[in-house]
Structure formats: structure tokens, C-alpha cells
K.L.:
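Structure incoming, see below.
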Amino acid sequence: MTLEIDLQLARGEAVVQARFEVPAHGVTALVGRSGAGKSSVLLAAAGLLRPRSGRVALNGTALFDAARGIDLPPHARRLGLVFQDGRLLPHRSVRANLLYGAVRAPRDASGPELDEVVALLGIEPLLGRRPFQLSGGERQRVAIGRALLSRPRALLMDEPLASLDPPRRHELLGYLAALPARWQLPILYVTHQMDEVLRLADHVVLMSEHKVAAQGPALALLSDLSLGPLVGRFEAGAVLEGRVVEQLADWQLSVVQVAGQAVTVPMIEAPLGAAVRLRIRARDVALQRAVLPSSASNQLSGTVTRIVEREAPYAAVEIALGAATAPGECLWALVTRRSVQSLGLAPGQPAVASFKAVAVEGRATSLRP
Amino acid sequence: MTLEIDLQLARGEAVVQARFEVPAHGVTALVGRSGAGKSSVLLAAAGLLRPRSGRVALNGTALFDAARGIDLPPHARRLGLVFQDGRLLPHRSVRANLLYGAVRAPRDASGPELDEVVALLGIEPLLGRRPFQLSGGERQRVAIGRALLSRPRALLMDEPLASLDPPRRHELLGYLAALPARWQLPILYVTHQMDEVLRLADHVVLMSEHKVAAQGPALALLSDLSLGPLVGRFEAGAVLEGRVVEQLADWQLSVVQVAGQAVTVPMIEAPLGAAVRLRIRARDVALQRAVLPSSASNQLSGTVTRIVEREAPYAAVEIALGAATAPGECLWALVTRRSVQSLGLAPGQPAVASFKAVAVEGRATSLRP
Amino acid sequence: MTEVERQALWLSFQVASAATLAALPLALGLAFALGRGRWPGKALVEVLVNLPLVLPPVVIGYALLISFGRQGWLGRWLYETLGITFVFSFRGAVLAAAVMALPLMVRALRQSIEAIDRGLEAAARSLGASRLDAFLSVTLPLAAPGLLSALVLGFAASLGEFGATITFVSNVPGQTQTLPLAIYSALQSPDGEALALRLVMYSALLAFVALGFAQWSHRRLQRWLGQST
Amino acid sequence: MTEVERQALWLSFQVASAATLAALPLALGLAFALGRGRWPGKALVEVLVNLPLVLPPVVIGYALLISFGRQGWLGRWLYETLGITFVFSFRGAVLAAAVMALPLMVRALRQSIEAIDRGLEAAARSLGASRLDAFLSVTLPLAAPGLLSALVLGFAASLGEFGATITFVSNVPGQTQTLPLAIYSALQSPDGEALALRLVMYSALLAFVALGFAQWSHRRLQRWLGQST
Amino acid sequence: ADDEVVVFAAASLTDVLQAIARRGGFEKVKFSFASSSTLARQIEQGAPAQLFISADEPWMDAVQKAGLVQAGSRRDWVTNRLAVVRPGAQEPGTPPETAEAVQVLLRSVLKQPEARIATGDPAHVPVGRYAQAALTGLGLWDAVAPRLARADNVRNALALVERGEAPLGIVYRTDALASPKVQVAALFPAASHAPIRYPLALLKGATPEAQRFAAYLFGPEAQALLREAGFGVAP
Ligand SMILES: Nc1ncnc2c1ncn2[C@@H]1O[C@H](COP(=O)(O)OP(=O)(O)OP(=O)(O)O)[C@@H](O)[C@H]1O
Ligand SMILES: Nc1ncnc2c1ncn2[C@@H]1O[C@H](COP(=O)(O)OP(=O)(O)OP(=O)(O)O)[C@@H](O)[C@H]1O
Ligand code: MOO
Ligand SMILES: [Mg+2]
Ligand SMILES: [Mg+2]
């Protein structure tokens, strides 16, 4: 179930152009500044806006193909869309809203059940209410539930967690991250919250001024500090790839081997040997010349490969942990320019990157092919 | 211009109860889980929901007083409300929406001008459009501008930045933070984003299950890790108070003296000697036994005063920098329990708290009395 | 209340109810087609639907007579194939009232349908509803205020219909003599004013009940759909 | 087109326009009061407004005649204090048409006003608009589709008004003989059908123009207000 | 417009009155044609009419009782006959005027189920009242009453016959003659009902021009036109 998107779409005077793929497994984040064209792409993919030209295909089958005159109506596309503006049906109860798509799905379609979704979203007490009796965040939760329950073939989510409180957001992010593998359900996910991208996304598409400005594995893209101005100064970071080598159940910690070095992180539920990814933000990484005794339990030795001056007082420093600057084995550190000087950092120099275990978000990737 | 709120409000079967003050100077953040009653409080304060009982007063003058039968109509209250759901007037252009409140404000009311707000929000190209031609984030920006331009006596903002991109959010936060002092304008600010609370708020009111669960200076409240479950695990932190002792213009850094120790932070625009506040999240603070050479340019010596076990693998450690555990001179560090053991941390023990300059958000407070 | 008066009252109620219900499906279809679609001949249909409003009722009655009379082109066909006649019958009174009420009902429905946020239909479509399904499960229920309005208007207009009815089906007591016909009849005699006034009271009473019911339903409807603050 | 025909056409147009415009402010006030408020006597006013719909037009004409006639209680007072008379004049024709159109206009407006998201008015209030200001600057413009609907309905119904007009102001060519009255007169002659048909065509044409204009305005209005996808 | 003469006349006189006014060159004469009841009520409410021609005596009585008629100006203008008509073109020759002919015609219709006889509503339309009287006299009323299609004026009754919706109708002879689509099958015997008379009266405030027109209506030119239309001239 890969979702291919390639479209040109008139929006007022602007023309939104987008060409990218949402791979079958995993979450693809669609990010970009306000007005960049993200929602337009989602609406067009769902069949609610008609592109000027282009093609939208799910798993190789065209849903829309201007050249071949194909334009499947929205209901036949079966893409679960979470609208940016909610759009609950005002004349139906919360329960009826949740089930609206479910009862219309083909019998053999699979997906989560009502009870599971209701529990996840914490909307049990709201089931009998009408949408106008809900708070903003409650509405948003029902909108998410409605899309999940419609047993879609892909999920298109437009800033779905924007007005949820941190604990709920945290919980939902975990749930959403597991969905693609669980139901073979690609997710295209629009957000402005980089922490959501960091936790969820395997692929990132960055739109700017109605066009795709960059795209690629989250790994490569999020490590690219040059995109900072588009994604925000403090949120850029790197993703390390490694394998679980030890589970410290007592401490609720896991030890992951990355490029031959051990990284301690909050427990990742995965068997020994499982492939995992670690996301570490540049702002969380400190640099030093040698290993030191500190609660920053991770101190990884490497070589400075690049130093990028950012707007004062910042500089970004890339550290390769292994031999080459392979993605998955590089860290970025955001430090002051003064530290670059006082530590005498320069490309080719050895350096130790230190970060706390609590700063790492780890995730098993073993379910992916 | 202090806004006093004390009200009981029926909302469906629930009763929302809130009693707190929004001090004249500064931003008061209203936080709490989805459905806690935040929006209801704002609507009631603005006169759009009628409380069962209670009192709302601005600068000592009652806007609503159930006991005395006072209930000023919304337009006479002159509180600028940014609705959670936008509510732009669909039949007016963006420009007309922006000016709707402005032309109705008393001649002598002061506040920012159209050009300033338009530039701030980056909505110049949208002025001639109609609301239905805007993206979600564009709409939200217009809603903010509309409230700012209505020359209100206080601002009530309901998740105003929820769908804005990080760079815009960053910029707006800076602008909003300066508003109270600039226009003598108290701001009551609802958000789920703890980084917004950290950057903006001087006071925090936390609602839970339709009641105020905690409130106080941001200083004290955000340092209270026990509130973590309500505000999210990683966002709690501490606020240090100090004075600017050195401005390193070349490096774009400032040095702030806190409890006799120097803290290096990204440049704060303030004269030498100015009082400033530094916000440091617990997750950004590492602990060690001694001062070490690292890019974590801030290494402050102190004494462990408390160790709070959080859900595994986490523990929170409070470090007093000065003699006593005065707020403004305490830091929290979120570390793994294993680090607590391996470093041999215990109450009464000395410890060094280390954090990077880039992790600090500083703000001048000298304009406040 | 005399027997004749009771008959007229009861008949009026029956005719108005039947006409309103009979016109409803057609009105709905027209409202949707006129309010949403763009198709050739739309302007013509629009004028045709509205003619009963624009022309004197007598003309409509006359036109009905020409088409639906037993000698009329449609009437003959209906009579010969289905055995249905309209003239001089209850059925004819219903037809006349329905035709006169139709433009009002279409407009009420259309106004409601056009006011519905199409984004909600779009949401329904994306959740797997076909166009018809979305119409039935979203558009129609959301047009409920218009539906109610259409029913009230249709009922009231049918209740008051006079010119087309008398021209088309004339005045057959017990079959086609509705309240307006009885009132008219009473007014034609120099001393019929007392009777006319009494009949007017019955009409007003019927209207009062209908409007009260509509008002009550409408309040429930509004509470049901909710309104933001 | 004969002089009499031209006269009837022009008169109809004038009467319908004047009646619609004259009824509009009252219709607006009533629509707002009935749609929003809750006040004693509301049910009574509601029935009164709707009576012209429910009763045969002749009765309304008769009621107008005995109230506004120069011997009528209101008519005499108006004549003696202001020198205004209604009976048998253009002004009377306008009054009759306006009264008959009123319930339709009120309903169209009311339906629109009730469909408006009150949250938008709340937003306007919080931005400093008084209740009246919010009504004028938010409610009214957002009720534009209903306003348009009301104007079309009012114009069309006024155009077709017959019973109340002929009863109230009689049937004097050039003064009170609108198209429907002329059609009636034509139908009185056994060989008047050709003339009647011609007059019907004029009516239909006028309706066509009015509906076309309404349709055009409505499309612009919709484009102006926008709709989400 | 001050010297205009407004004449209120029963709608069934539309054709003939317009023809007479044209023949006499009365350009200042304006008609308002409506049902006699409507006109009478309007006159009672002070309508600026100067001449009233009613199709019905009770309504003229009502106007007179209200004191609006110029003393001594009321006269019967024309008379009419009650005819039984059926669809079809006018045939040459004079129709029968016997009770038997009428009875045969009506009975033949009563034999057809559902067939109706169109006439004015006996409750208020003059032609219907005359028909009721005549039918009662002929002993047919009880049989015919339930089969009547009661129109609200003569023209509508006639239209039902013209369209073939009713196989028979009872209307005035004048209406029957004017319509090319019906034929007079029989006339009611003159004695079978009270004489059908159209009273005319000058109203208070009538101008000399109105009086001149009223006089003209009784003159030879008018009478010729009236006879042509099938009216009888009042004695
Ligand atoms: N119109 C209404 N009728 C009944 N109950 C309502 C209504 N609006 C909100 N509520 C309920 O009142 C409570 C408070 O709602 P409120 O909108 O104030 O929450 P909130 O704190 O703003 O939440 P969120 O963060 O999700 O916007 C919730 O439990 C909600 O379900
Ligand atoms: N109905 C419309 N008519 C004309 N232009 C529109 C319309 N809707 C959106 N636009 C414009 O199209 C562009 C893309 O809008 P879109 O909603 O896709 O942005 P977005 O990336 O989702 O932004 P946001 O993050 O603010 O939601 C914007 O420039 C916007 O102003
Ligand atoms: O002309 Mo009449 O008054 O309808 O018989
Ligand atoms: Mg968007
Ligand atoms: Mg809220």
C-alpha cells in the first residue's frame, strides 16, 4: 500500500505542486510553513479538490490520473482523512460520528475496533454527546477516532494533535507510530510540531511556497541543519541506527550499540539484537574533548566532520561516530560559537558528544522489512 | 489592569469553577488537559457565557458580579478574545476582519497599529482575501491580529499558535511576551505547548477536571515536578532569577549572575545590572560531581535538596544553587535513576548542574515593578 | 359548528396535509437540483416552478383544468391508463394546493440546502459515503430547519389556497369545499359576514395549531443541532 | 402590446417593487424578533403575520377594506390626520401586495437568520460591537441569501397577487389593474383567452427576469461568501 | 383624470359594456369589473364609483340601503335567460324552450355516473340561485344538487363545459352565445324562475358625464348591441 502523489493544483492564484511517495510502511510527515500547501495536497489526494493534472495512486492503482481521465470519487478512494478543521457531523452524536465511516467500510476491511479507539482517545464519557457540546480538544479526538474507525487504506492526518494536551499527545503518538505496521496502513501526517516528526516519521516531505522543497528518509532530512529555517531553530537533530545489546530491566533502560559504541536510552520494548532508531536533537548534545564522569551517561567518541555557522550565537557541529559520515552514524550538536572556539573544534578533530539518556527517543524498527 | 476571575459556570452537566488573578504585568498561562474547562473560563470572562455565580473584575471594576447583579455586555468589557476556533467573519476581507475591532475601539485606546501587526503576522499578501481562501494557519494569524488590533484592555488567547509553524511561533512568542509591558495589557493565555508556557508565562494557572488544581508564579509552578502528569513529562523545569553582569556582543552571549555564579546564555537585550529570568528545563540539565571541560558552558555548583522518583527510568533531582531552597535559585534535573546511583547523589550532597547555553531561554524582567 | 362547517374544516385539514406531503418529495428534488446543480434548462424549470407564485391562482387553476381535466392531454391519458381523475374530486383539490404550495416549499428547502457547509458533505464522502448517501445522511438532516419551514409554508399555503382550487375542481361540498371556498361563498351574500368570520376563526385556529407545532419542533431542532457561543 | 397591456405590465412592476421594498424593513424586524427573541405575545404575532397565507386572499382584501377604507377605523384616521388614502389607489395596491408578501418574506429571512452561526455574532460582540451593531454588521450581511430569497419571494408573490388587490382597491385600468387583474378581466370574455395568454406571457417574462437576476446575484453571493471543500 | 367616470360593473358584463362605451365614444369612462359583491362592498367603503351595475339585486339593495344611491336613479337595465349548454359549436336554429327539453337533457346526464352539471354556486352566484329556483320548479333539484359543479362565477362554469369536463352547464344565454365552444341545448322556460334583471344606479357624487353615460346605456345604439349579445332589454 504505497500512496503515490504527483499533482498540480490551482489554489486561488497559486499553484500547488507536489510529487512524492508515502511508503507502505511507516509514517510520512508533511511539514512546511503555514500556507505552504500541505492541506491542499491532502484534500486533493482524498478527492475533495480536483488537481489540474497529475496522478494519485494507491499501491499502483490510480485513484486519479488526469492523463487517463481517471478520477475516483472520494468514497471509493477509502483514504481516512482527519481534517484540519475537524468537521464533525453536527446532527449526530459522538458515537454516530465515530461509526459513520465504520458502517460504510467493506466487510472485509480491517482496522481497530470502537472500544479500542474510544479507550485510546479517552472519549468514553462523550459518546452520547453532540459535537457542539465538546471542547476543542475533545472534538479533535473524535475526528481522529472517526478516521481510524473508517478502516481506510491509508490515513491522511492534518495537524491531528494540535490542540491536545501533552500526556494525550504522547499516548496518541505511540499509538499512531504502531499503526502502519499493525494494519499495513501508510500514514501521511501534517504537523508543525517537530517533536511529532521526530517521534513518528520515517519519511519527511518538506513543502515550501507551494512546492516540495526537500524529501527523504527522516534520518537524512532531519539531520540536515540547513533546513532549520523551515523547521525551526531548536528542533533539528539526528537519527542514529543501532541494535539492542542489553536490556536493563531494573533501571528501565536499554543499551543500544551504534557504530561500535554503547548508548543508554529509556527502555525500548524490543528483543536483543533488534534494529532500533534513536532520535537525538542537536540542542541536547554537548561536546567535550574527552570522556567525563557525568549523569550525561552517553558520551560517544567521534570525529568532527562539519561545522556550520548558524545565526549568532549558534553553530552546528556534525560528529561522525564511525568511519564515514553515513547517515545513522552521525550526530549533530548545537552549541555556541564560543564553545567551538574554546574547545578548539575543527573538522577532522576528535570530539566526544555527550547527551543524557532521557534526551533520547528510541523506537524499534524491526517490524519493517 | 489586573483581571480577577472567580466564577462557577454550568457546562452541560459539569460545573466549571475557577478563581484566580491575571496580574497586570505579564502573561498568565492557563493550562490543563483537554476538556478541563479552559475555554469555558475565557468565554465567561469575555461575557459570552453567563456564569451561575461569581465575579469578574478588571482593575477592581466589576465586569460581572452575580451578587450585585452586574453583567456588562461583551462589547463593553473590551477584552480581546482569540477564539480557539478562529471565528473570522466570513463576509469580510482579511483587512476588514483585522479592522473590525479597531474601528470600534474608543479613540483614546492604545495598542499596536495595522502595519505593525500585518508585518508581524506575515499576512500582507492576504489582506484582500476572504477567510474561506485562507489556510488553517493563515486564519489563525488573522484571528490573532484582529484581537490585537481591537485595542483591548486585556487579551484572552485560546491556543492562538496551535497551528503555526515553528519559526512564526517563535517570532510571535517574542512579540506577545513584550506586549504586557508595552501596552499595560494583561494576557491570559491558554496553551498545551509547554515551550510556550516556558517562554511566555510569568504566572501559571493549572486546571484539572473543571477546577483550578494549582496556580502561582511560573517560577514556582513549573519547578513543581509533581505536576508533571498534568503538564507532560519532559517539559517541567525551573526558572532562575539573576542580573546581567556581562554582555559578550561578539559571541552574542550574555553572562548572568545567579546566586553568586555565572551563567552564560544567548544574548538578552538588557542593560548591565538588569534583572532577568532564565528558564531551564529539567531534561536539559545533567549532573556531575565536579566541574568539567565541556561545551556545556554552564556548570553550576550546588547542593542536592530533593530527589523525587518519577516513573521508571526517571528521577528528578533538585539542586539549590545558593544557601536556601529559594525559588529562583533552584534547578531541577531529570536524570535516570541509574545516574542517581552511579553518581552517588543524595540530599545534602554537593553536585554540579551542567547545561548548555543554547538550552536557556532568557528574558529581561526589568520593566516590571 | 354546523355540519357544513365541520366538513369544510376537516376537508381543509386533509387537503392541506395531503398536498404538503405530496409536494414534499418533488420539492426536495427540485430544491436540490436547483440549489446545487448546473444543467441546461435550469432557468426554464425555475420559472415553471415559480409560475404559481407569479400568476393569478385562477390562471393556474385554468391551466390545471386544461392539462389534468378529463379532456386535458395529461388528464385523459391518466384516466385511460390509470383510471385516475382529478376534476371535481378531493384528489384535484390536493393537486391544486400542491402546485400552489410547491414554489414556496422549493424555496424554503433550497435556501436551507444552500446554507449547508459543503465541507461536511465532503467529510462524509471521504468517510465512504456515496453522493446519494451523503445527501441522505448529511444534507437532508442538516436541511431539517428548511424542511420544517417548507412543511409549514406548504401547509399554510394549501390551507389558504382558493383561486386555483375553485377554478380547477369547483366547489363540491364535502369533496372540494375547503374553508377558503366556504369563506368566499359566505362573503358573497350581503348577510354572510358572520358566517365568514366564524370560518375565518377556524382557519386561524388551524394555522395557530400548525404554527405552534412548527415552533415547538423548531426549538427542539435547534437544541438538537446546537449553536456555538 | 396595447396601451392597456403596457399599463398593466408597468403597474405590476411598480406595485411589486414598491410592495417588496415597503415590506422589507418590517419583515426584517419581525424575522429577527420571531427568530431570536422570546417574548410574550410572540405566538399571536406569528399567527397574525401568517394569516395572509392561511386565509383566502379575498378575506385579507376585505379586512384591508374595512380597516383602511375611508370609512374604516384606520383609514379614516389616516385620512383625517395625514390625508393619506389607500383604497382604490396605487398605494392601496402596494399595501395589499405587501401584506400578502409579508409572511413569505418573514419566513425566508427568519430561516436565514436562524441558520447563522451565533458564534460569529459573539465574536463581533467581543470585538466591541453592540447588539445592534453586531446585527447590522454581521447578522444582516450573513443573512444576505435569505434577504435575496425574501426579495424574490416578495416580488413574485406581489406580482401574482390577485384576490386581496381586487377586493381592496378594485380593478381600474391604469390605476389598480395589475397584470393578474387584467388577466382576470380578459378571462371574463369568452374570446379573451388570447389576450389572457399574452398577459400571462408578460407575467412569466417579468418573473423570468426577476428570477434570473436573483439567480445571478445568488451565485455572486455564494462566490463571495465561499464554501469549504 | 378628474373628469374620469368610474363605472363598477359585474364581471359578466365585461364585453358588452366595453363595446357600448367604445361605440358611444366615452373615452373618459373607466370600468372596474369584479363580482357584484366585491364592488358593492367597495362602494360601501367609499369607492369613487359613479355608476354601479350589479348582476344581482340583493347587492344593489345593500348599496341602496347604505344610502349611497342617487335617489330615483335605480333602474333595471337588461334581462337575461337561463340556458342549458353543452360542448360543441353553436348550431343554427332556435333551441327549445320547454321544461321537457330541459328535463330530458338533465336526466340524460344524471344517468351517466360521475358526470356533473356546471353552474354558479347556488349559495352565492346569481346564476346558481336562478338555476336552483328553476330546477326546484321542475322537480329536479334534489336529483341534480349532488351532481352540481359549483363554480364561483359564470365564466368558470362555462369554462368547464367548454373544456368538456362537464357534459352540461346552466349559464346565462348571453354567456352561451358569446362562447364559440358551447351550444345552447335548451332554454329554461321564462316562467320557471324569477326574472333575471341587472339593476343599474347612479351613485352619490355622479358627474354629468356619468349621467350622460347612464342615459346612453338605455339609448338605441346600446340596446342594439345588447340584443346582439343576447340580452333582453328591461321593460
Ligand atoms: N456547549 C457545551 N455543552 C455542554 N458541555 C460542554 C459544552 N462545551 C464544552 N463542554 C464541556 O465542558 C468542559 C469544559 O470545556 P472547555 O471547552 O472549557 O475545555 P477546554 O479546557 O478548553 O478543553 P480543550 O483543551 O479541549 O479545548 C468539557 O468537559 C466539555 O466537554
Ligand atoms: N479556498 C482557497 N482559495 C484560494 N486560496 C486558498 C484557498 N485555500 C487555501 N488557499 C491558499 O493556498 C495555499 C495553500 O493552502 P493550504 O491550506 O494547503 O496550506 P497549509 O500548508 O495547509 O497551511 P497551514 O499550515 O496554515 O494549514 C495558501 O497560500 C492559501 O492561502
Ligand atoms: O358577474 Mo357575477 O357577480 O360573478 O355573476
Ligand atoms: Mg493546513
Ligand atoms: Mg478549549
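So that the names make sense, note that chain A is the first sequence line, chain B the second, and so on, each numbered from 1.
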K.L.:
Go through the atoms of E/Arg147 and report whether side chain, backbone, both or neither lie under 4.5 Å from a heavy atom of chain C.
P.N.:
neither
K.L.:
Checking side chain to side chain contact (heavy atoms under 4.5 Å, CB included) against C/Thr178, which of C/Leu11, C/Ile183, C/Val169, C/Leu159 comes through?
P.N.:
C/Leu11
K.L.:
Identify the two heavy atoms, one from C/Leu109 and one from C/Ala31, that lie closest to each other, and give their separation to 0.1 Å.
P.N.:
CB-CB, 3.5 Å
K.L.:
Identify which part of C/Phe68 has an atom lying under 4.5 Å from any heavy atom of chain E, answering side chain, backbone, both or neither.
P.N.:
neither
K.L.:
Tell me, for E/Arg163 versus chain C, whether the close heavy atoms (under 4.5 Å) come from the side chain, the backbone, both or neither.
P.N.:
both
K.L.:
Give a yes or no on this: more than 12 heavy atoms of other residues, nucleotides or ligands lie within 6.0 Å of atom CZ of C/Phe208.
P.N.:
no
K.L.:
Select one option (side chain, backbone, both, neither) describing which atoms of C/Leu187 are under 4.5 Å from chain E's heavy atoms.
P.N.:
both
K.L.:
Within a radius of less than 6.0 Å around NZ of E/Lys65, do more than 12 heavy atoms belonging to other residues, nucleotides or ligands occur?
P.N.:
no
K.L.:
Would you mind telling me which of C/Phe88, C/Tyr184, C/Tyr62 has the largest number of heavy-atom pairs within less than 4.5 Å of chain E?
P.N.:
C/Phe88
K.L.:
Mind listing the closest non-hydrogen atom pair of E/Phe52 and E/Trp59 along with its distance?
P.N.:
CE2-O, 4.4 Å
